[in-house]
Asker: 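Pasting a structure here, questions to come.
Please read all numbers here as calculations on a predicted model, not as lab measurements. Lettering of chains follows the sequences in order, A, B, ..., and the numbering in each one begins at 1.
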Amino acid sequence: MISISQHWIVNASDRLALVLFDLPDAKPLSNQVFVFLHAWSNWKDERDYAHVKIARKIVDNGTGSCVLFDYRGHGESTGSLADASFDSIVEDIDCVIKWLENKQVKKINLVCSGLGARFALSFAHLMSIDSLFLLSPAILIPSSLSAIETSNLQAVSDLLEKDLNHDHANLRKAFYKIGALPDHLSAEYIDPSFFHHPQFLSENLPDIASLNKRVVVFYDPEQDSQKSLSWLGSHTTLIPLVGGGPMFRHPDLLVQIGEKICKCCEMKS
Amino acid sequence: MSSSEEFFDVSLDNIILRGVSHFPDNIKPKGIVISSHGYNGERVDTHRMLVKNSRNLAAHGFLSVRFDHQGCGLSDGDFWTSTPKIRERDVIAVTDFCANRYKDSPIILHGFSDGCRVIAGVASSIRPCAIVLWSPILFAFSSSGEPGAIPPWERHPLDRSFVRPFLGHWMGAQYLRETSKSPDLEIDGIPTLVVRGAYDVDVNSSIDYLLANNTVVDLIEIPKAGHVYASPLAEQSVIEQTRTWIESKATRSLG
C-alpha cells in the first residue's frame with residue numbers, strides 16, 4: 001500500500017501544492033526520490049493522471065519515493081498562469097529540491113513532461129541530480145507562439161479563435177508541441193513574453209554531454225514534433241513508444257514508462 | 001473576505017479519497033458546497049475551473065470542497081471500477097466528513113458534466129438545500145475519446161474485468177452498463193440550477209430529461225461557450241452566476 005501525503009510549501013509570497021508518494025516504511029523518504037515536473041499550463045497530475053500513474057508504479061516497485069507539485073499559477077498552487085515566468089518556475093523547482101535536500105535525500109531524479117524538460121535542463125548542471133527522464137521533451141518554442149504580440153496579456157481562447165479565422169490552427173498544434181493541452185488552457189490569460197525567455201533561443205540549447213548525467217527520452221517516433229531529437233546527441237537513451245501520440249494517451253504506454261524508469265534505475269544501481 | 005485551504009483525506013472501505021477544502025476565515029460558513037468532477041476529470045479539472053470556483057465561493061463565505069473520486073487523480077482505486085454508483089458513495093462519505101465538522105450548515109451539491117449524474121443519484125440520500133449542474137451529462141457516451149475509433153473490449157490483467165482504452169485510462173464495461181440506463185432523478189422539490197454553454201449540443205438530451213421530469217430547474221445559458229466554458233469570460237460568468245444563485249438559496253435555507 002502506497003502512502004500519499006499532501007503538503008503546502010511556501011515560496012516567497014506563493015504557496016505550492018505538493019504531493020509525496022512513499023512506501024509506509026520509508027523513513028522519512030527513500031534514499032532515491034523522483035521529482036516530477038509537469039508541462040507549462042498543466043498541473044501535477046498531468047493529462048490522464050499520467051504522472052500519478054507513473055509515480056505509483058515507481059513507488060509500488062520499491063524503486064523510490066516520488067514528489068509531484070504545481071508550479072505557482074498552476075493547478076492548486078496560488079497565483080495565475082500569466083504571472084508564472086520561466087524564472088519563477090525554476091525558482092519553484094529549486095524550492096522543492098531544497099525541501100528534499102533538507103530531508104537528507106541522497107539521490108534525486110527528475111521526470112519531466114513537455115516544457116518541464118526545458119526547465120530542468122536549464123539548471124540540471126548546477127544541482128546534484130542523478131538522472132533525467134524526459135517524456136516528449138519540448139525544448140524550443142514553436143515560431144507561432146513566439147510571434148504572439150507581447151504588449152498585453154492575451155486570452156488563449158481569443159488567440160485560438162483568431163488563428164482559426166485565418167484557417168491556420170497553428171497555435172493549437174504549437175501548444176501540443178510544448179506539452180500543453182489547448183482545452184485546459186483556453187480559459188487562461190497568458191503573458192506572451194514568457195515565450196521570449198533567452199533559454200528558449202537555439203543558441204542556448206543545453207549541452208547534454210557536459211551535464212554528465214543519465215538522460216532517458218521517451219518519445220513517439222510517428223509524431224513530426226518528436227522526429228527532431230538530434231540536439232540530444234549520443235549521450236542519451238532514446239525509448240520510442242508508438243500509439244498514444246506525444247502525450248502517450250494509452251494506459252499501456254503509461255505502465256511501460258513506469259516500468260522502464262524502474263528498470264533503468266535498477267540497472268544503474 | 002480572507003479564506004484558507006486545507007488538504008483532507010476521507011477513508012471509505014480501505015480506499016482513501018483525497019481532497020481540498022476552501023473555507024472562510026473566522027466565520028461559520030454560509031453553506032457547504034461539495035463538487036463532483038467529470039468522468040475523466042479530477043479535483044482541479046479543466047483550466048483549473050474547480051479551483052477557481054472554490055476560491056471564489058470561500059471568499060464569499062462558503063466552505064467549498066473538491067476531491068478526487070476513487071480511481072481518479074490522487075485518490076486510491078482504479079479508474080475502470082469508478083462508476084457513477086461508486087462515485088455516489090464517495091459523495092456521501094465526503095458530505096458526512098464535512099457535515100460533522102460544520103453542523104447545521106446547508107449543503108449544496110455541485111456536479112460538472114458526468115458528475116451531474118452522480119449528484120442527481122445521491123440527492124435523495126443527502127437532501128441538499130440546492131443542486132448545481134454544470135453541463136449535465138446524464139446518459140452514456142460511447143466514443144473512445146478518439147474520433148471514429150471504438151476499440152474492442154479487453155480483459156484487464158488485474159481483475160479480468162472488461163475494459164477498453166479511453167485516452168490514457170481503461171474504461172470499464174460496468175460504467176457503460178450503468179450509464180446506459182436512465183438516471184435516478186431523485187431531486188424532486190430541490191431547487192436546481194443548470195448551467196450550459198450555448199454551443200454545447202451534448203447536453204441537450206440530458207436537459208430535456210431534467211425538464212420532462214418536473215424538476216425545479218433554473219437554466220442559465222452561457223453565450224459563445226461549449227461544454228467546458230473555455231474562455232475567461234465564459235468561465236467567469238459561470239462561476240459568478242453560480243455563486244450568486246447559491247447565495248440566494250443558502251440564505252433562504254437558513255431562514
Asker: When rounded to the nearest 0.5 angstrom, what distance separates NE2 in A:H184 from OG1 in B:T46?
Answerer: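 Between atom NE2 of A:H184 and atom OG1 of B:T46 there are 5.5 Å.
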
Asker: State, to 0.1 Å, how close A:D183 and B:H47 come at their nearest heavy-atom pair, and which atoms those are.
Answerer: O-CD2, 3.6 Å

Asker: How long is the gap from CD1 on A:I2 to CD1 on B:I16, to the nearest 0.5 Å?
Answerer: 11.5 Å

Asker: Would you please classify the geometry between the B:W170 ring and the A:H250 ring as parallel, tilted or perpendicular, with 30° and 60° separating the classes?
Answerer: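 Perpendicular, since the angle between the ring planes exceeds 60°.
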
Asker: For A:N165, does the CG atom have more than 12 heavy-atom neighbours from other residues, nucleotides or ligands under 6.0 Å away?
Answerer: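 Enclosed: over 12 neighbouring heavy atoms sit under 6.0 Å from CG of A:N165.
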
Asker: Could you have a look at A:G73, A:S5, A:P182 and say which one has the most heavy-atom pairs with chain B under 4.5 angstrom?
Answerer: A:G73

Asker: Kindly say whether B:G168 contributes a backbone atom to a donor-acceptor pair with the side chain of A:Y49 at under 3.5 angstrom?
Answerer: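 A pair under 3.5 Å: no.
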
Asker: Counting only heavy atoms not in B:L233, do more than 12 fall under 6.0 Å of its CG?
Answerer: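 No, CG of B:L233 has 12 or fewer neighbouring heavy atoms, counting only those of other groups under 6.0 Å.
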
Asker: Taking atom CG of B:N14 as the centre, does the number of heavy atoms from other residues, nucleotides or ligands within less than 6.0 Å exceed 12?
Answerer: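 No, not enclosed.
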
Asker: Based on non-hydrogen pairs under 4.5 Å, which of B:R43, B:M49, B:E6 is most in contact with chain A?
Answerer: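 Counting heavy-atom pairs under 4.5 Å, the top option is B:R43.
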
Asker: Any sub-3.5 Å donor-acceptor pair from B:R48's side-chain atoms to A:N42's backbone N or O?
Answerer: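 No; judged by distance alone, with no hydrogens or angles, the pair does not exist.
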
Asker: Against chain B, work out which of A:V156, A:D252, A:L254 has the most heavy-atom pairs shorter than 4.5 Å and name it.
Answerer: A:D252

Asker: Any idea which of B:R55, B:E235, B:Q236 has the most non-hydrogen atom pairs under 4.5 angstrom with chain A?
Answerer: B:R55

Asker: Run the salt bridge (charged side-chain N to carboxylate O under 4.0 Å, His left out) test on B:R66 and A:E76 for me, step by step, so that the C-alpha distance in whole Å, both residues' side-chain angles and the decisive distance to 0.1 Å come before the verdict.
Answerer: CA-CA 11 Å; B:R66 310 175 281 113; A:E76 297 175 313; 2.8 Å; yes

Asker: What is the minimum heavy-atom distance between B:P232 and A:S157, and which atoms define it?
Answerer: CD-OG, 3.3 Å

Asker: Does any heavy atom of chain A fall under 4.5 Å from the side chain of B:F8, the backbone, both, or neither of them?
Answerer: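 Backbone only.
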
Asker: So, are B:E42 and A:K44 salt-bridged, with charged N and O less than 4.0 Å apart?
Answerer: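 Looking at B:E42 and A:K44, the cut-off is not met.
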
Asker: For B:D45, is it the side chain, the backbone, both, or neither that has a heavy atom closer than 4.5 Å to a heavy atom of chain A?
Answerer: backbone

Asker: Just so I understand: if I count every heavy-atom pair under 4.5 Å between each of A:A50, A:S77, A:S41 and chain B, which residue has the most?
Answerer: A:S77

Asker: Side chain, backbone, both or neither: which part of A:H51 has an atom under 4.5 Å from a heavy atom of chain B?
Answerer: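 When you check distances to chain B, no heavy atom of A:H51 falls under 4.5 Å.
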
Asker: If you take all heavy atoms of A:P251 and B:L167, which pair is closest and at what distance?
Answerer: CD-O, 3.4 Å

Asker: Is it true that atom NZ of B:K52 has more than 12 heavy atoms of other residues, nucleotides or ligands lying nearer than 6.0 Å?
Answerer: yes

Asker: Tell me if a side-chain donor or acceptor on B:S231 pairs with a main-chain N or O of A:D158 at a distance below 3.5 Å.
Answerer: no

Asker: Side chain, backbone, both or neither: which part of A:M1 has an atom under 4.5 Å from a heavy atom of chain B?
Answerer: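 Contact with chain B is through the side chain of A:M1 alone.
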
Asker: Taking 4.0 angstrom as the limit, do A:R56 and B:D76 come out as a salt bridge?
Answerer: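 Salt bridge flag = yes for B:D76 with A:R56.
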
Asker: Need one label for A:R47: side chain, backbone, both or neither, based on atoms under 4.5 Å from any heavy atom in chain B.
Answerer: neither

Asker: With respect to chain B, which residue among A:D45, A:L68, A:L181 yields the maximal number of heavy-atom pairs within a distance under 4.5 Å?
Answerer: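 Winner by heavy-atom pair count: A:D45.
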
Asker: What pair of heavy atoms forms the shortest contact from A:I4 to B:L74, and how long is it?
Answerer: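 Nearest pair, atom of A:I4 first, then B:L74: CD1-O, 3.9 Å.
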
Asker: Look at atom CZ of B:F162 and say whether more than 12 heavy atoms of other residues, nucleotides or ligands are closer to it than 6.0 Å.
Answerer: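 Not buried by this count: 12 neighbours or fewer within 6.0 Å.
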
Asker: Against chain A, label B:V20 side chain, backbone, both or neither, depending on which of its atoms sit under 4.5 Å from a heavy atom there.
Answerer: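 For B:V20, side-chain heavy atoms alone lie under 4.5 Å from chain A.
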
